[in-house]
Amino acid sequence: MEKYTQLQQLAGLFGLLGLPGMIGFVKPVPFSAPGGAIRLLGLLGLAGFGGFWNPLLGAIGAAGPLGLWGHPNPKIARLAYIGFLAPVGVALFFLGRH
């Protein structure tokens, strides 16, 4: 088992930010709406669950809310901005390396 630094463990918690991306499975964006490619990033929210075991998966999983981009409900669409924190999580992971 690998030993992770505290910064890397913090990056793993960024995976919890990816959980709002799961809303896209319950209330999906219509296929006719533009931005279908970026909505595929909602699948990265599933990788956020792996952040409990591998912090890098959690850092990448924080991009999951980007799958809500262009949602017809404005309240749900605003959650997509959380996904822009994913690069911060990845940076924390790599800054924490020995």
Notebook entry, point to check: Do other residues, nucleotides or ligands put more than 12 heavy atoms under 6.0 Å from F52 CZ?
Noted result: no

Next item on the list: Please check if atom OH in Y81 has more than 12 non-hydrogen atoms from other residues, nucleotides or ligands closer than 6.0 Å.
Entry: no

Nearest 0.5 Å, please: how far is [atom2] in [Y] from [atom1] in [X]?
X   : Y   : atom1 : atom2 : result
N73 : R78 : CG    : CZ    : 8.5 Å
L56 : Y4  : CG    : OH    : 8.5 Å
L92 : Q6  : CG    : CD    : 12.5 Å

[X] with [Y], same ILVMFWY side-chain cluster at under 4.5 Å:
X   : Y   : value
L13 : W53 : yes
F94 : I60 : yes
L57 : L44 : no
L46 : V29 : no
L66 : L40 : no

Can you see which heavy atom on [X] is nearest to which on [Y], and at what distance?
X   : Y   : value
G83 : P87 : O-CD, 4.3 Å
Q8  : P55 : O-CB, 2.9 Å
G42 : M22 : O-CE, 3.9 Å
L68 : G24 : CD2-N, 3.5 Å
G61 : P65 : O-CD, 4.5 Å

Is any side-chain heavy atom of [X] less than 4.5 Å from a side-chain heavy atom of [Y]?
X   : Y   : value
F49 : L19 : yes
L79 : I23 : yes
L7  : F93 : no

Notebook entry, point to check: Between the main-chain N or O of K27 and the side-chain N or O of H71, is there a donor-acceptor pair closer than 3.5 Å?
Noted result: yes

Check: Within the distance-only criterion (no hydrogens, no angle test), does the side chain of T5 pair as donor or acceptor with the backbone N or O of R97 below 3.5 angstrom?
Finding: no

